[in-house]
Amino acid sequence: MRFPILLAWILATGLTLNAQTLRDSILVNERKIDRPLTLHKGQLQFNTGYEISVISKEYNNTGSSISLADKGIASILHKYYFELNYGLLDYIQTLVAINYARRGQRHETLYLWTTSYEAPDYEVTCFEEYTGFEDIYLGGVFKIPFETDRIEITLSPGISLPLFSNKPDKPENSIVLPTEEHPTTDILYHNHQRMGNGSLAVKAGTSFLLRLPWNINVSARVNYSGPISESKSIRWVHQLDGSDFIYDDIPYNYLLGNTWDYKADLTFPVISWFSAIISWSGRHTSEGWSEKTGYRIKNPDVRLSVLSAGYEIIASGRLWINEYVNIPISGKNQLAPFSIYLGVCYNLFPFEKRIKY
Amino acid sequence: MKRIFACLIFSLIAYFSFSQEEDKLLVSEIKQSTVITEPATLNRGFFKIGSEFTYAVEDREFSESHKRDYSTGNGWGRSSSVNLYLFYGLTNRIELCLYVPYKFRSIHYSYIDEFPIIGTSILTKWKTQGNGIGDIQFTIRYQIIEGSKTRPSLTASLTTSFPTGEKNPTNITDQFIYDHPSGSGEILLVPEFTYRKVAYPYSYSFWSYFQYGFGCEKKMLPYEDPIHFRSGSRLILGGNFNFLLNDWIAVQNDLIYDNKQADTYKGSTMITSFMPSNDSWAIIYTPGISFQFKKIRLAQGVSIPLTGKFWIADPQYRIMLQYIL
């Protein structure tokens with residue numbers, strides 16, 4: 001009985017929140033280029049999206065592109081985005097964001113021929129699995145109240161909380177002993193990695209928006225993020241007892257690097273409800289170290305630049321749909337995924353007075 | 001009496017002149033119909049041209065136990081296609097369609113053989129590409145029951161796929177590096193029935209699709225003689241539910257059950273000891289969204305395999321652009 005009551009309550013709350021308010025008309029008449037950098041007072045915005053990244057190349061330490069497909073370690077990253085924004089005032093916005101990701105990276109299978117040439121004696125497979133939630137981000141956006149609509153500037157401080165574990169789960173290695181039908185010993189090394197950073201990190205950024213004549217918007221943002229403290233994690237080692245793997249975890253410390261990321265957008269409304277967007281974004285991470293190997297080793301500097309093209313469609317005053325294609329242009333010590341992002345954005349004014357018919 | 005009779009006549013005339021009548025749509029309005037309101041087949045003399053782009057990766061697959069597993073070893077692939085098509089309304093109930101696909105495909109797979117006794121290791125890379133025109137299809141579609149605002153439509157279609165794409169491996173460097181064929185090499189026949197009902201602003205339909213391959217002689221692997229190949233028969237049962245968000249945006253939901261029998265090579269389902277063909281099936285959900293801007297339609301969707309057996313388990317992106325002349 002409790003479940004139907006709860007369901008009815010959720011449905012009733014949803015319908016009530018979804019009812020139209022007088023302020024909905026603000027969103028109906030706003031094109032993408034008209035939107036301010038912060039939400040309107042009382043506006044609640046839910047963003048969700050899915051991104052598929054094809055990781056078939058990487059940039060090495062000289063910035064050269066290396067084909068991971070040729071190396072036999074190409075992989076796919078599936079990422080799901082969730083973000084909730086709320087406009088406290090017309091110039092102040094709060095947000096909370098969390099992402100979930102999943103990626104499986106396989107390696108070349110190794111066949112060991114030690115006794116005969118009819119069938120391999122050993123087949124060794126390695127598989128790295130990356131799954132889990134990234135750190136949750138809590139932040140704010142403060143807009144400087146200029147008199148003009150042509151220019152907007154915001155400041156956006158925030159913090160990343162390591163709410164989810166960054167420690168890898170115990171590996172699931174296995175051995176299948178040979179039989180008469182299958183005279184090969186199959187060995188699988190299956191490691192689990194997590195997506196969390198494991199440390200509190202601060203973020204500070206600024207955004208700039210310029211509304212040009214001819215219905216074109218140019219916006220840019222720069223963010224800095226860095227860790228507050230060292231992180232702790234573990235690595236797993238194993239030894240073989242017959243055909244059973246015995247695991248032991250070894251703790252180690254590491255320090256995340258300092259990251260600068262930037263993005264510049266050019267937005268052009270093709271028609272009132274369809275806007276085309278071209279973006280240039282990048283990320284640069286330096287400093288940081290890890291003691292994973294037993295020695296403290298500095299992390300290599302990491303760079304990546306990405307060119308994006310996409311669009312946003314205003315399906316209704318409340319519902320916006322956006323899609324981007326992201327193409328890596330240059331980088332250093334970094335994977336270079338080609339990705340497609342598909343997102344949905346839903347807006348409402350939940351605490352405004354409802355319109356009664 | 002005459003006055004009463006005249007009053008009655010005038011009342012009846014007034015009544016009928018205010019009663020509802022069926023909308024008479026202008027030609028330009030018909031051409032701007034959305035995916036919900038468009039007729040089951042094109043109206044007489046109308047042309048529809050379009051292009052569809054698909055993109056998918058082959059990273060995971062459903063195993064025999066319906067589990068989403070990664071492909072064997074480090075096997076990994078990408079497949080995409082650009083399909084051009086042209087529809088023509090021969091009459092209000094008969095539609096002709098020409099479909100020209102261009103395919104892009106790449107598959108990577110590698111492994112290492114190590115011989116410690118003689119201190120040798122051999123890296124084997126299987127790297128194939130398959131770019132080129134695929135098999136051109138021609139379809140004739142007929143509305144057995146012509147749909148209207150109140151009446152559902154029942155449409156039958158017959159598609160013939162001609163083996164215009166390359167059927168054999170080409171540009172062979174060695175047995176592991178070559179260009180994958182972009183065509184199947186055989187003639188396929190596909191009868192299809194579709195039941196569709198429009199209940200503005202909603203529409204729903206159900207369809208069944210059966211594909212039969214006539215077989216052909218082709219090379220399955222480089223350096224090998226052509227053998228007789230026949231693709232397994234395929235049955236698709238599906239339905240969709242679409243609704244309009246406003247006058248120009250429609251949300252589409254497709255759900256299909258796709259069942260394919262194993263391909264056969266000389267009557268056997270094994271091409272080699274390591275390349276079997278299996279009976280396979282999947283249930284695939286495709287949410288999508290369609291935008292109608294005057295005579296232009298932009299639609300996109302993601303096909304998500306929900307469950308299956310011996311079937312690719314990764315999503316496929318689709319984006320489509322259409323224009324009605």
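The sequence lines fix the lettering, A, B, ..., with proteins before strands; numbering per chain opens at 1. Computed from a predicted model, the values in this text were never measured in an experiment.
With contacts defined as side-chain heavy-atom distances shorter than 4.5 Å, the pair Trp76(B)/Arg106(A) qualifies. Side-chain contact between Phe274(A) and Phe291(B): absent, with no pair of heavy atoms (C-beta onward) separated by less than 4.5 Å. No side-chain heavy atom of Arg78(B) sits under 4.5 Å from any side-chain heavy atom of Phe338(A). A heavy-atom distance below 4.5 Å is found between the side chains of His78(A) and Pro315(B). In this structure, the side chains of Ile52(A) and Tyr55(B) stay at 4.5 Å or more apart for every pair of heavy atoms. Using a 4.5 Å heavy-atom cutoff, the side chains of Ile313(A) and Ile249(B) are in contact.
Neither the backbone nor the side chain of Leu68(A) comes within less than 4.5 Å of any heavy atom of chain B. For a residue to count as touching a neighbouring chain, one of its non-hydrogen atoms must lie under 4.5 Å from one of that chain's; by this rule Thr125(A) does not touch chain B. Of the two parts of Ile122(B), neither the backbone nor the side chain holds a non-hydrogen atom closer than 4.5 Å to a non-hydrogen atom of chain A. For Ile271(A), the part lying under 4.5 angstrom from a heavy atom of chain B is the side chain only. Looking at Gln105(A), there are no atoms closer than 4.5 Å to chain B (heavy atoms on both sides), in backbone or side chain.
Of the inter-residue distances, the one linking His108(B) atom NE2 with Ile73(A) atom CD1 reads 13.0 Å to the nearest 0.5 angstrom. Interatomic distance, CG of Leu342(A) versus CD1 of Ile289(B), reported as 9.0 Å (0.5 Å rounding). Interatomic distance, Tyr317(B) OH to Glu323(A) CD, rounded to the nearest 0.5 Å: 6.0 Å. With rounding to the nearest 0.5 angstrom, the CG atom of Leu245(B) is 7.0 Å from the CD1 atom of Ile321(A).
The aromatic rings of Tyr111(B) and Tyr111(A) stand perpendicular to each other, their planes meeting at an angle above 60°, with 30° marking the opposite boundary. In this pair, Phe115(B) and Trp113(A) present their aromatic rings parallel. The plane angle is below 30°, not in the 30 to 60° band.
In terms of heavy atoms, Ser110(B) sits closest to Gly72(A) at OG-CA, 3.8 Å. Minimum heavy-atom separation, Thr115(A) to Ile117(B): N-CD1, 4.3 Å. Minimum interatomic distance between Asn246(B) and Ala315(A) (heavy atoms only, all atoms of both residues): ND2-O, 2.6 Å.
In Tyr202(B), the OH atom is not crowded: 12 or fewer heavy atoms of neighbouring residues, nucleotides or ligands sit closer than 6.0 Å. Annotation: Lys103(B), atom NZ; neighbour count of heavy atoms from other residues, nucleotides and ligands within 6.0 Å does not exceed 12. For Tyr122(A), the OH atom sits in a loose shell: 12 or fewer heavy atoms of surrounding residues, nucleotides or ligands are nearer than 6.0 Å.
Proximity of a side-chain donor or acceptor of Asp59(B) to a complementary backbone N or O of Ser75(A) within less than 3.5 Å is not detected. Between the side chain of Lys127(B) and the backbone N or O of Asp70(A), no donor-acceptor pair lies under 3.5 Å.
Checked against Ile112(B) for a side chain to side chain contact (heavy atoms under 4.5 Å, CB included), the options Leu112(A), Leu110(A), Val124(A) give a single hit: Leu110(A).
Among Arg102(A), Lys71(A), Glu123(A), the residue making the largest number of heavy-atom pairs under 4.5 Å with chain B is Arg102(A).
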